[in-house]
Amino acid sequence: MKTGAVILATLSAASATNFGTCYLKYSAEGGEDKNGVTSCILDRQSGNCSYIDNRDIQNSAGGKSIGTQGAESCCELCREDSSCKAAVMVKDPDAGTTCSSNIAYFADPSPDRTQCEGFKSCGYNCGVNYTYPSGFKYPNTHKWYTCKKSDLRIVVSNGIPSHNVTVYNPNDPCVTNWQFEVPLTPKYTSIMTETQPVGAIAVQLDGVPMFGGQEDPFDGDSNNAIQPPNTATVKDGGHWFGHTSPQKIWHYHAPFVGHPQYPTEDELVGYAFDGFPIYGVVQDTSVLDGCNGRVVNGQYQYHVRMISQVNATINGKVVKKYCNGMSPAVNWNYILGCYHGDISRAKVTDSRHATIPDDCEEDAPPTIKHMSHIGGRVILSRNQRH
């Protein structure tokens with residue numbers, strides 16, 4: 001498995017499926033009944049894993065622990081360690097709920113905690129303002145590449161926003177070395193793929209990731225990131241400028257995605273990981289499918305939805321659950337409802353450990369409209385226009 005590559009999880013339990021931790025074991029002996037775990041025993045000759053639900057393999061020769069997206073990727077991690085004979089995937093109850101059996105997972109790179117902004121907060125009822133770029137230690141950097149032979153669009157960034165921010169939560173953002181790779185010529189498919197519940201689902205034009213509608217920690221349907229109910233513990237995800245995760249990653253949840261006002265329907269705001277472009281809001285959402293997409297001039301594209309067009313929380317109470325039954329198209333579709341394109345070639349990696357294919361040419365980054373609030377020096381590339 002290549003680090004950061006998309007993992008399409010096909011799961012027997014289609015609800016309440018969480019991220020977790022994979023514990024590599026250097027022996028497959030012993031065991032203990034325990035809910036919330038899936039063990040896998042690796043057959044080195046065939047390379048196949050035998051899965052045992054609710055059985056935690058116990059042994060004294062334990063290996064390292066690694067964050068994982070499911071039992072299948074845990075088995076893959078075991079394969080990569082020549083000493084590993086078994087592995088145990090332990091679910092994380094705070095990592096988000098999924099709805100379907102077809103989910104695309106991407107692992108976030110680890111932030112560089114030696115390069116943090118030093119932002120302070122005074123709580124969710126007040127905020128501390130930081131002006132870009134004068135109030136930032138590390139300004140935004142991002143590069144765009146077009147790779148015609150490889151059929152890739154690549155974005156490399158440090159994950160720092162390129163606009164003013166107000167900080168409400170105690171998490172200080174750090175430089176995160178992102179490399180996003182999406183298809184240059186995306187392919188529409190009739191099969192919908194669910195976006196991951198926690199983590200990046202798309203990339204904004206300044207190279208900062210867009211996240212879905214759930215917040216971390218997640219507790220059933222009580223922690224909507226954009227419209228937090230009264231019981232929510234994190235309440236600052238709905239701002240236009242975004243916020244920082246407990247892992248110190250700056251990101252956007254709200255459909256403003258870095259714009260003080262809603263971007264318009266002809267305004268490019270970023271790219272989904274299936275390669276299709278994302279545009280601003282439409283007034284009539286009946287033209288959108290469950291993934292937030294429609295066809296314009298023969299081109300499939302997504303549109304963010306206004307908060308009022310989703311309205312999952314009213315007067316502090318959740319009125320619309322995250323899942324629409326077992327459909328991959330989720331109800332909290334502020335940015336995306338799902339992917340309608342082929343997601344198999346998408347990749348999210350740490351740019352420090354990644355390469356750029358030889359056929360790639362660096363482009364001028366696409367511009368973010370309303371440049372009065374943007375400090376980055378970017379112009380619109382001819383290759384980025386739609």
Side-chain angles (χ1 to χ4, degrees), residues 1-113 176-177 194 196-200 216-219 245-249 343-344 346-350 352-354:
M1 181 184 69
K2 296 181 179 179
T3 303
V6 61
I7 301 170
L8 294 177
T10 303
L11 306 159
S12 57
S15 62
T17 304
N18 302 314
F19 291 96
T21 302
C22 181
Y23 295 89
L24 305 187
K25 304 288 185 176
Y26 297 154
S27 168
E29 299 176 358
E32 176 183 318
D33 290 335
K34 188 179 294 184
N35 289 329
V37 305
T38 300
S39 295
C40 58
I41 299 175
L42 178 63
D43 183 334
R44 280 285 170 190
Q45 289 187 333
S46 67
N48 294 327
C49 276
S50 300
Y51 294 98
I52 309 170
D53 287 331
N54 300 321
R55 186 75 174 170
D56 184 0
I57 293 172
Q58 303 289 312
N59 67 282
S60 58
K64 55 191 174 183
S65 61
I66 310 170
T68 187
Q69 291 81 29
E72 290 184 3
S73 59
C74 187
C75 174
E76 192 70 30
L77 291 167
C78 184
R79 284 194 190 98
E80 294 178 352
D81 187 321
S82 60
S83 299
C84 183
K85 296 182 179 178
V88 176
M89 186 266 184
V90 181
K91 293 180 180 179
D92 180 354
D94 291 335
T97 295
T98 60
C99 311
S100 73
S101 60
N102 188 33
I103 311 143
Y105 289 109
F106 300 88
D108 299 334
S110 297
D112 182 351
R113 298 196 176 211
T176 307
N177 296 285
E194 186 177 344
Q196 64 181 352
V198 177
D216 178 13
F218 187 78
D219 182 16
S245 72
Q247 294 75 31
K248 299 185 177 294
I249 293 174
I343 198 71
S344 63
K347 188 187 297 184
V348 177
T349 57
D350 187 319
R352 295 171 296 182
H353 310 302

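Annotation: disulfide bond (SG atoms under 2.5 Å apart) contacts of Cys40 (sequence neighbours excluded): none.
Taken from CZ in Arg44 to NZ in Lys85, the straight-line distance is 9.5 Å, to the nearest 0.5 Å. Rounding to the nearest 0.5 Å gives a distance of 12.5 Å between CE of Met89 and CG of Asp56. Atom CG in Asn177 sits 6.5 Å away from atom CG in Asp112 (nearest 0.5 Å). For the atom pair Leu42 CG and Lys25 NZ, the distance stands at 15.0 Å (nearest 0.5 Å). Summarising the geometry, atom CD1 belonging to Ile52 is positioned 10.5 Å from atom CG belonging to Asp33; distances are rounded to the nearest 0.5 Å.
In Glu29, the CD atom is not crowded: 12 or fewer heavy atoms of neighbouring residues, nucleotides or ligands sit closer than 6.0 Å.
Between the side chain of Arg55 and the backbone N or O of Ser39, no donor-acceptor pair lies under 3.5 Å. Using a distance-only test at 3.5 Å, with no hydrogens or angles considered, no donor-acceptor pair links the side chain of Glu32 to the main chain of Gln58. A donor-acceptor distance shorter than 3.5 angstrom exists from the side chain of Gln196 to the backbone of Ala200, with no hydrogens or angles considered.
Of the two cysteines examined, Cys78 and Cys49, the SG atoms fail the criterion of being under 2.5 Å apart.
Taking all atoms of both residues into account, the shortest heavy-atom contact from Arg113 to Gln247 is NH2-O, 3.7 Å. In terms of heavy-atom proximity, Ile249 sits nearest to Pro111 at CG1-CG, 3.6 Å.
Between Asn48 and Ser50 there is no side-chain heavy-atom pair separated by less than 4.5 Å. The shortest distance between side-chain heavy atoms of Asp108 and Thr176 does not fall below 4.5 Å.
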Could you walk me through whether Asp81 and Tyr26 pass the side chain to side chain donor-acceptor pair (under 3.5 Å) test, one step at a time? CA-CA 9 Å; Asp81 187 321; Tyr26 297 154; 2.9 Å; yes
